[in-house]
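Just so it is clear, the structure is predicted and the values come from calculations on it, not from any experiment. Side-chain atoms are counted along with the backbone in the values below, which use heavy atoms only and exclude waters and symmetry mates.
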Amino acid sequence: AQEQAALLSSGSEAVLSVPQTENFPRAVPTAQPLPTTPPTHVFLTGVTGFFGAHLLRALLEQGVQRLYCLVRGDKERLTQTLDWYFGAAYTAYALSKATIITGDVSKPSFGLSDADFSTLSQRIDAVYHCAADVRHYAADRESLCAVNQIGVKNAIALAKAGNIPLHHISTASVAGERLTAFPNQPAQFTEDDFNIGQNWKANAYVESKFLAEAEIYQAMQHGLNARVYRLGRLVGRASDGVFQKRPETNAAYLLLRAIYVLGALPQTLLETPVDLTPVDWCADTVAALHNCTQTANHLFHPAPPSLFQ
């Protein structure tokens with residue numbers, strides 16, 4: 001965590017000149033302009049997740065008229081999720097604005113027929129891809145890749161079929177924790193950076209999200225218009241503290257729970273900064289950046305508290 005904070009820092013540390021490696025570009029590609037007005041008909045994946053549910057609400061508040069929500073199973077799964085976070089009254093309103101698309105992010109074309117996939121691409125003016133396997137410490141790399149890489153390929157294909165923008169939800173963890181060749185040297189990882197030689201292979205989740213971004217940047221070289229949002233460590237809402245429905249899958253919860261269970265903290269980690277990013281602020285910001293000019297955007301706490309705090 002401390003090393004990651006150093007890589008993401010905007011401080012005055014010297015920036016090492018690290019050569020491009022493994023054919024991944026050092027910098028993200030330059031973005032094409034986006035429409036100045038917010039989208040009105042949006043395809044949204046990951047809507048039953050912690051962030052996806054809050055992005056649904058943020059998009060509706062931004063003025064989206066119709067949401068096409070990819071869901072595994074039936075409408076009930078989405079209903080239960082929205083009830084949990086927002087209550088029955090808001091759920092009824094949200095569902096009146098939603099069209100449920102039954103599918104699977106890890107299957108080709110989201111599990112849709114060619115005809116349905118084509119029809120969908122003509123009905124929407126933006127794709128917001130939130131779906132991800134967020135198990136940070138999972139050993140099953142195949143499962144992570146199926147959701148996090150195949151899913152983004154599907155999102156790219158849909159955006160290209162409709163000639164519409166793709167907004168991809170990534171993670172600040174793609175910055176890694178240290179430089180592979182210079183593990184003891186400080187470095188900065190900015191919004192313009194992609195591959196500065198960081199240790200993105202050290203964790204299966206981080207690797208899958210890094211490679212998902214790589215898919216997007218490659219597609220951008222062939223006409224895709226995309227934006228990437230690298231989120232910090234999501235925690236409860238700033239408005240009322242409501243937290244994730246299944247906290248055991250949340251990285252912030254696992255970290256703080258481990259400290260609580262141990263009842264102790266190594267002295268060397270007392271001043272380690274811990275990013276805590278409220279989920280509602282983060283979702284509202286993604287929606288507000290619908291016409292941002294830069295390709296990658298870092299969304300996390302600007303002054304993270306220490307573990308001791």
Side-chain angles (χ1 to χ4, degrees), residues 28-47 49 51-71 78 82 85-86 90-101 110 112 116-131 151-152 154-170 191-192 213 216-217 219-231 237-239 277-300:
V28 301
T30 302
Q32 302 175 40
L34 288 170
T36 56
T37 56
T40 58
H41 292 73
V42 169
F43 178 73
L44 178 61
T45 71
V47 70
F51 181 77
H54 286 84
L55 183 57
L56 174 148
R57 181 168 186 169
L59 289 170
L60 289 177
E61 291 177 352
Q62 185 79 24
V64 168
Q65 298 172 16
R66 174 60 53 180
L67 281 165
Y68 295 85
C69 302
L70 186 72
V71 178
L78 178 58
L82 296 179
Y85 290 119
F86 309 118
Y90 186 83
T91 296
Y93 164 74
L95 291 176
S96 73
K97 296 282 189 175
T99 297
I100 307 302
I101 307 293
F110 297 118
L112 305 178
D116 287 344
F117 191 83
S118 177
T119 299
L120 176 63
S121 72
Q122 302 307 310
R123 290 182 176 176
I124 56 178
D125 53 9
V127 175
Y128 280 79
H129 181 53
C130 303
V152 79
N154 287 330
I156 290 169
L158 183 62
K160 291 180 73 172
N163 193 27
I164 55 177
L166 167 62
H167 299 265
H168 173 67
I169 307 304
S170 188
E191 292 172 317
D192 294 326
E213 283 197 24
I216 290 173
Y217 302 145
M220 288 179 70
Q221 302 296 336
H222 300 280
L224 177 71
N225 195 0
R227 298 296 186 271
V228 172
Y229 307 94
R230 295 168 176 164
L231 309 190
R237 293 197 292 245
S239 59
T277 304
V279 66
D280 51 349
W281 171 86
C282 203
D284 290 345
T285 303
V286 168
L289 289 172
H290 63 87
N291 64 342
C292 63
T293 58
Q294 61 194 39
T295 299
N297 302 269
H298 289 172
L299 305 180
F300 49 82

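Shown here are the side chain to side chain contact (heavy atoms under 4.5 Å, CB included) partners of Q32, two or more places apart in sequence or in another chain: N225. For D116, the side chain to side chain contact (heavy atoms under 4.5 Å, CB included) partners at least two apart in sequence or on another chain are L112, S113. With sequence neighbours left out, E191 forms a salt bridge (charged side-chain N to carboxylate O under 4.0 Å, His left out) with no residue at all. Qualifying side chain to side chain contact (heavy atoms under 4.5 Å, CB included) partners for I164, counting only residues two or more places apart in sequence or in other chains: I124, V127, A159. T285 pairs by the side chain to side chain contact (heavy atoms under 4.5 Å, CB included) definition with W281, L289, L299, not counting sequence neighbours.
Side-chain atoms of T40 never come within 3.5 Å of backbone atoms of Q65 as a donor-acceptor pair (strictly under, hydrogens ignored). Under a 3.5 Å cut-off, the side chain of N291 and the backbone N or O of L34 do not form any donor-acceptor pair. The backbone N or O of V228 lies less than 3.5 Å from no partner atom in the side chain of S170, so there is not a single donor-acceptor pair. With hydrogens and angles ignored, the 3.5 Å screen pairs no side-chain donor or acceptor of D280 with any backbone N or O of R237. A donor-acceptor pair under 3.5 Å is absent between the side-chain atoms of S121 and the main chain of L158, judged by distance alone. Within the 3.5 Å criterion, the main-chain N or O of C292 finds a donor-acceptor partner in the side chain of R227.
The two residues Q62 and P38 come nearest to each other via the heavy atoms NE2-CG, 3.7 Å. Residues F110 and A155 share a closest heavy-atom pair of CZ-N, 3.6 Å. When all heavy atoms of Y217 and E213 are compared, the closest pair comes out as OH-OE1, 2.7 Å. A pairwise comparison of heavy atoms in L56 and A94 identifies CD2-CB, 3.9 Å as the closest pair. Nearest heavy atom pair, residue P35 against residue P165, reads CD-CG, 4.3 Å. The two residues P29 and M220 come nearest to each other via the heavy atoms CG-SD, 3.7 Å.
Interatomic distance, L44 CG to H167 NE2, rounded to the nearest 0.5 Å: 11.5 Å. Note that the NE2 atom of H129 and the CG atom of L70 stand 9.5 Å from one another [nearest 0.5 Å]. To the nearest 0.5 Å, the span separating CD1 on I169 from SG on C130 amounts to 4.5 Å. Between the CZ atom in F51 and the OG1 atom in T277 there is a gap of 10.5 Å [rounded to 0.5 Å]. The OG1 atom of T45 lies 9.0 Å from the NE2 atom of H168; values are rounded to the nearest 0.5 Å. Atom CG of residue D192 and atom NE2 of residue H298 lie 9.0 Å apart, to the nearest 0.5 angstrom.
Residues T295 and T30 fail the side-chain proximity criterion, which asks for heavy atoms closer than 4.5 Å. Taking the side chain as every heavy atom from C-beta outward, T99 and L67 never approach each other to under 4.5 Å. Considering only heavy atoms from C-beta on, V42 comes within 4.5 Å of P39 through its side chain. The closest side-chain heavy-atom distance from Y128 to V64 is not below 4.5 Å.
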Output, in order, the C-alpha distance, side-chain angles, deciding distance and verdict of side-chain contact (heavy atoms from CB on, under 4.5 Å) for Y90 and L82.
CA-CA 8 Å; Y90 186 83; L82 296 179; 5.7 Å; no

For a side-chain contact (heavy atoms from CB on, under 4.5 Å) check, start with the C-alpha distance between L60 and Y93, then their side-chain angles and the critical distance, and finish with the verdict.
CA-CA 10 Å; L60 289 177; Y93 164 74; 4.2 Å; yes

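For the 3.5 Å distance criterion, the side chains of H54 and Y85 fail to qualify, holding no donor opposite an acceptor.
Within the structure, every pair that satisfies the salt bridge (charged side-chain N to carboxylate O under 4.0 Å, His left out) test and touches residues 60-70, not counting sequence neighbours, is listed here: R57-E61.
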